[in-house]
Amino acid sequence: MLRRLGVILAAAAVIAAFLVVGKHRADRRMAEELAAVEAAVEEDDIHLDLPALEPETWVRQYRPEASAGGYTLVLYRRRVPMIIDMNGRIVHVWPKVRAVGRARLGRNGRLAVIGTDNLIKEYDWDGNLVWFYRLANDDDFPHHDLIILKNGNYLVLARDRENHTGYLQEVDRKGRVVWSWRSIDHMADFATWDLERKDPTHFNSIHELPENRWFDGGDDRFRPGNILVSARHLNTIFIIDKRTGDVVWQWSKDLDYQHEASMIEKGRLGEGLILVFNNGTTGTNGYRHTLVQAIDPTRGEIDWEYGSPYFFSSVAGTAQALPGDNVAITSSHGGRIFEITPEGEIVWEWVPPYLPMRAQRVPADFCPQLAALPPQEEVDVRPSGDARPYVDVDLYRFALSEEDMTREIDGLPRQLLRNNAECRDVLVPPGATMWVEFGIDEKRLRDRWVEARFVMTVSDQGSAPEILLDRRLTPESESPWRGRSIPLGRFAYQTVELCVATEAEGDLEDPLTVVAWGNPLILSPVQHPVVEITQDVLTEQERKLREQQLKALGYVN
């Protein structure tokens, strides 16, 4: 008996040893894989800028007594995740992490990002990569959003390169796909599906439904755990029943390239309403006018909405319901993140020197690492200088991000107008100066002759047009491609019509094909002191990835 027991114990010891060795080898393989993933990412030196920042100056206004408070996860230069307090001070940063458009902080202090290498990545608080996931099909790519589900799995938005449509994948901690949903299988569910469009769906956000009064009242469409999706090119938000895959609810009324649909949690003002950032890109809300709307999904009505003459983001943007009934809004192409009360008053406003991406506001005790920080020293901040409202950048862009084109002229990439005669209404910010380029594309000219006249005018409230610029150029001009700075400060807070026009003649069939206008750039040092960081800081890997995604998603030709 004792001999048999000894044999059993010896066998158990051998098995345990094998298991320990196996686990050690598995851990070592995982460590090697994580190291290889990080080594494959091209390094840049953006993090070297961080110590020199004075981010407190980016807080334009803050009223502590009226704000929900907390911390905000933002992306420095749209890529480096960092957490700021309500006065803009950086309390934590992941200096070596690079994200594309979206980062999510978990309750455990871990950070999830879509990486610049098309991987879903999870980092610990100290910036160590602890998990990653690669889509099974190398031709597909994740984009726009990922969320951490209540069960601990990740839900990822992805795009199918073969049929140019969106799909969702739920992935567990072992990298196994445990649930998926493909839009191509549900075309018939959407009246707005355009078969002629290259990117018919363009999903841009996903949200797991929380506990809510609709389900409590017996409406199974709103079962907690069902998935709410925003599809930009369908101008539709919809709910997927997680158990069946059926589309059980959808809303399209007056949506215009919307983003970031989410349901307000229990215990907050408007619980159960669905928030959406309705961009108004094509003018459904009125000319250059974004609305944050709260939809009652059972009555099919808009319960309330927020808009302002100074608020417009043609693409991107978020709205997040906060504790205390306020809402945090990211006006991505407006250039700011701000917080409003239920009455629509702005009580916090953050304006960085670049266009901000999707922010995440969290309570001060959201994760153990934040809870361990000393209490915030909150300082009341009021706008300095001109205290009138901030004017979103997209309100004074001449051509918006999807209306211009990039072409190399005179050895440099230029953002050009698509037409040689265009007019736009712009709301001029305080202290504005306009930089405009124009001229002859000598590369296209090919030793032929052209003489061109370039005219820019401005008119205010129906007045006769005033000439701002009038120049004639030929290939023999001292500089066939020109730039001109024009002050616009006298038009502050006025909506004016800016027009460009071109006349051309020469020994070409169509002389206008060799002349061009750059997209006029209006700057406001008073409200947005630094021009947005441009793509020249991107690594080659990031440049190729961004170009790949923008082309595939239909942003550029």
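Computed from a predicted structure; not experimentally measured.
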query = Would Glu451 and Arg472 count as a side-chain contact (heavy atoms from CB on, under 4.5 Å) if you check the C-alpha gap in whole Å, the side-chain angles of each, and the deciding distance to 0.1 Å?
reply = CA-CA 7 Å; Glu451 180 176 352; Arg472 290 184 181 273; 4.0 Å; yes
query = Is there a side-chain contact (heavy atoms from CB on, under 4.5 Å) between Asp44 and Arg79 once you walk through the steps?
reply = CA-CA 11 Å; Asp44 57 40; Arg79 284 179 286 162; 3.5 Å; yes
inquiry  = If you apply the rule salt bridge (Lys or Arg N to Asp or Glu O under 4.0 Å), what do you find for Asp507 with Arg448, and how did you get there?
reply    = CA-CA 6 Å; Asp507 55 1; Arg448 292 169 291 184; 5.6 Å; no
message = Go through it in stages, so that I can follow the logic: the residues are Phe454 and Arg484, the test is side-chain contact (heavy atoms from CB on, under 4.5 Å), and I'd like the CA-CA distance, side-chain angles, deciding distance and then a yes or no.
response = CA-CA 12 Å; Phe454 300 86; Arg484 172 90 178 267; over 6 Å; no
ask   = Passes side-chain contact (heavy atoms from CB on, under 4.5 Å), Ile114 versus Phe141? Steps please.
value = CA-CA 10 Å; Ile114 301 174; Phe141 60 87; over 6 Å; no
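Ion pairing between Glu260 and Arg102 holds under the 4.0 Å rule for side-chain N and carboxylate O. For the pair Asp296 and Arg299, the salt-bridge criterion is met [side-chain N within less than 4.0 Å of a carboxylate O]. By the 4.0 Å N-to-carboxylate-O rule, Arg397 lies too far from Glu403 to be salt-bridged with it.
Between the side chain of Asp303 and the main chain of Leu273, no donor-acceptor pair closer than 3.5 Å is present. A donor-acceptor pair under 3.5 Å is absent between the side-chain atoms of Arg336 and the main chain of His333, judged by distance alone.
No hydrogens or angles considered: a donor-acceptor pair under 3.5 Å links the side chains of Thr341 and Glu343. For the residue pair Thr236/Gln250, the side-chain donor-acceptor check at 3.5 Å is not satisfied.
With respect to Phe338, the ring pair (Phe, Tyr, Trp, His ring centres under 6.0 Å) criterion is satisfied by exactly one of Trp348, Phe311, Tyr390, Trp350: Phe311.
Contact of the Leu73 side chain with the Val362 side chain is not registered, since no non-hydrogen atoms from C-beta on lie closer than 4.5 Å.
Taking the six-membered ring where tryptophan is involved, the planes of His259 and Phe277 are perpendicular, since the angle between them exceeds 60° and thus also 30°.
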